[in-house]
Amino acid sequence: MKVYIHPEYHSYSDFLETIPNQIEQGKGICIHDGRNKVVLFENQGLRVVAKKFKPANWIQRIGYTFFRPTKAKRAYLYAGELRKRGIDTPHEIAYFEESVHGFFKNGWFVCEECAYPQVFSVLDAATQFPTDLAAAVAKHIALMHEKGIYFGDLNLGNFLYSQGGDGTYHFVMVDTNRSRFSSTALPLTTCIRNLRTVTHRRELYSFILSQYATARGLDEAFVVEQGLNSLEKFERSIATKYFLKGLLKKK
């Protein structure tokens, strides 16, 4: 087991190193149990969220052993990179990598807890969405793109938020491991591709696109048109993928 703990959290090492085993034993408060498992732990006043990533298949095991960083390591490194660029995210604490017979198998990532609610519950799941929050989300995405950040899982469930007394919103981004970074602002075609995963709700998506265009000084009609076209192509590709999966299962 490879263990890396952020220097600021070395005093918690004894506790942190037990987290992978605790997850396997079903301890902690389970927040999510799907493709990945997310568990909340508390120790000496420190509340942490630990994610166990889905075990790697053989192709991934070869890739993560020899060619690219694991999801756990990327989550750790990218959290720090986001903050360097002025985008808030829970502070990275540790990551763990388990290898079997010299090949990577499992990974865990640990960060501080952020108890803010998800934007999804207020925007995507609401009958009528608050336009001020939607506009703030659009401006935050525009800021990330201008800072050269392609947030790899750009959906409203990964925006946590709080609202100040003056009405302004503060966002904390989670699920960082799929992100990519550039030394310059992202080209518009890349931005449109990134935006298409924000929401499938058309009126909300169109509003976010229009506010995004305004925030970046772009042609609103063009950005909305391109964004809607990109979303439709994305949805068709997803539908085709699941249709083919269904055919293979029947066989």
Side-chain angles (χ1 to χ4, degrees), residues 1-57 59-85 87-100 103-118 120 144 149-160 171-181 197:
M1 177 80 75
K2 176 181 178 180
V3 176
Y4 188 89
I5 297 174
H6 193 285
E8 293 181 17
Y9 297 87
H10 276 175
S11 60
Y12 296 94
S13 293
D14 290 344
F15 155 66
L16 293 170
E17 290 177 9
T18 69
I19 283 179
N21 283 335
Q22 289 200 61
I23 292 176
E24 296 307 308
Q25 295 168 12
K27 296 181 179 179
I29 300 172
C30 185
I31 300 172
H32 175 77
D33 192 359
R35 182 180 60 181
N36 305 313
K37 188 169 186 177
V38 183
V39 183
L40 175 67
F41 293 96
E42 182 173 2
N43 180 268
Q44 299 178 17
L46 177 68
R47 291 172 64 88
V48 305
V49 173
K51 174 185 277 191
K52 179 189 176 183
F53 292 94
K54 178 183 177 181
N57 60 38
I59 294 175
Q60 292 170 330
R61 291 179 70 177
I62 293 170
Y64 291 143
T65 301
F66 299 109
F67 302 111
R68 64 177 307 199
T70 65
K71 291 179 181 179
K73 184 174 182 177
R74 295 201 309 269
Y76 180 95
L77 295 175
Y78 293 174
E81 183 63 28
L82 283 167
R83 282 200 316 283
K84 284 180 185 177
R85 297 183 184 223
I87 303 300
D88 201 3
T89 188
H91 200 294
E92 68 282 7
I93 293 176
Y95 71 90
F96 308 89
E97 295 174 341
E98 178 188 34
S99 296
V100 177
F103 288 89
F104 171 81
K105 183 179 180 182
N106 290 310
W108 296 261
F109 168 64
V110 183
C111 66
E112 285 196 357
E113 179 202 25
C114 177
Y116 293 166
Q118 294 178 327
F120 176 85
M144 288 194 289
I149 300 168
Y150 183 102
F151 197 85
D153 198 355
L154 194 70
N155 70 76
L156 298 178
N158 288 332
F159 287 74
L160 309 183
F171 297 103
V172 178
M173 305 302 296
V174 296
D175 206 354
T176 62
N177 67 281
R178 296 181 183 177
S179 299
R180 300 198 299 270
F181 301 93
T197 60

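Note: hydrogens, waters and symmetry copies are ignored here, and every other heavy atom, side chains too, is used.
- The shortest side-chain heavy-atom distance between Lys2 and Phe104 does not fall under the 4.5 Å cut-off.
- For the pair Arg74 (side chain) and Pro69 (backbone), a donor-acceptor distance under 3.5 Å is present.
- Between Phe67 atom CZ and Ile62 atom CD1 the span is 8.0 Å, to the nearest 0.5 Å.
- Under the ring pair (Phe, Tyr, Trp, His ring centres under 6.0 Å) criterion, Tyr95 pairs with Tyr4, Tyr76, not counting sequence neighbours.
- Leu160 has its side chain out of reach of Phe171: every pair of non-hydrogen atoms, C-beta onward, lies at least 4.5 Å apart.
- With values rounded to the nearest 0.5 angstrom, Asn158 atom CG is found 9.0 Å from Leu156 atom CG.
- The CD1 atom of Ile87 sits 8.0 Å away from atom CE of Met173, with the distance rounded to the nearest 0.5 Å.
- Partners of Glu81 according to the salt bridge (charged side-chain N to carboxylate O under 4.0 Å, His left out) rule, which considers only residues two or more places apart in sequence or in another chain, are Arg85.
- Pairing each heavy atom of Ala75 with each of Thr176, the nearest pair is O-OG1, 3.2 Å.
- A donor-acceptor contact shorter than 3.5 Å is absent between the side chain of Thr70 and the backbone of Tyr64.
- Counting all heavy atoms, side chain and backbone alike, Pro90 lies closest to Cys114 at CG-CB, 4.0 Å.
- When all heavy atoms of Val100 and Arg61 are compared, the pair lying nearest together is O-NH2, 3.4 Å.
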Could you pull out every donor-acceptor pair under 3.5 Å between side chains of residues 17-26 and any protein atom, sequence neighbours left out?
residue: Thr18; atom: OG1; partner: Phe15; partner atom: O; Å: 2.6
residue: Thr18; atom: OG1; partner: Gln22; partner atom: NE2; Å: 2.8
residue: Glu24; atom: OE2; partner: Lys52; partner atom: NZ; Å: 2.8
residue: Gln25; atom: OE1; partner: Lys27; partner atom: NZ; Å: 3.3

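- Here Phe66 pairs with Phe103 under the ring pair (Phe, Tyr, Trp, His ring centres under 6.0 Å) rule; sequence neighbours left out.
- Here the shortest heavy-atom pairing between Thr89 and Ala79 reads CG2-O, 3.3 Å.
- Heavy atoms of other residues, nucleotides or ligands lying less than 6.0 angstrom from CG of Asn57 number more than 12.
- Side-chain contact between Gln118 and Val174 is absent, with no heavy atoms from C-beta onward closer than 4.5 Å.
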Distance-only donor-acceptor hits, side chain of residues 35-45, under 3.5 Å, sequence neighbours excluded:
residue: Asn36; atom: OD1; partner: Lys54; partner atom: N; Å: 2.9
residue: Glu42; atom: OE1; partner: Arg47; partner atom: NH1; Å: 3.2

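- Of the possible donor and acceptor atoms, none in the side chain of Arg83 sits under 3.5 Å from a partner among the backbone N and O of Asp88.
- A heavy-atom distance below 4.5 Å is not found between the side chains of Tyr12 and Val48.
- When every heavy atom of Leu16 is checked against every heavy atom of Phe96, the shortest pair comes out as O-CZ, 3.2 Å.
- Side-chain contact check for Leu46 versus Glu112: some heavy-atom pair is nearer than 4.5 Å.
- Taking His91 as the reference, His6, Tyr9 meet the ring pair (Phe, Tyr, Trp, His ring centres under 6.0 Å) condition, with sequence neighbours excluded.
- Taking CG of Leu77 as the reference point, atom OG of Ser179 lies at 12.0 Å (rounded to 0.5 Å).
- Rounding to the nearest 0.5 Å gives a distance of 12.5 Å between OH of Tyr78 and CD1 of Ile149.
- Panel note: side chain Thr197, backbone Leu154; a donor-acceptor pair is recorded below 3.5 Å.
- How far NZ of Lys73 is from CZ of Phe109: 14.0 Å, rounded to the nearest 0.5 Å.
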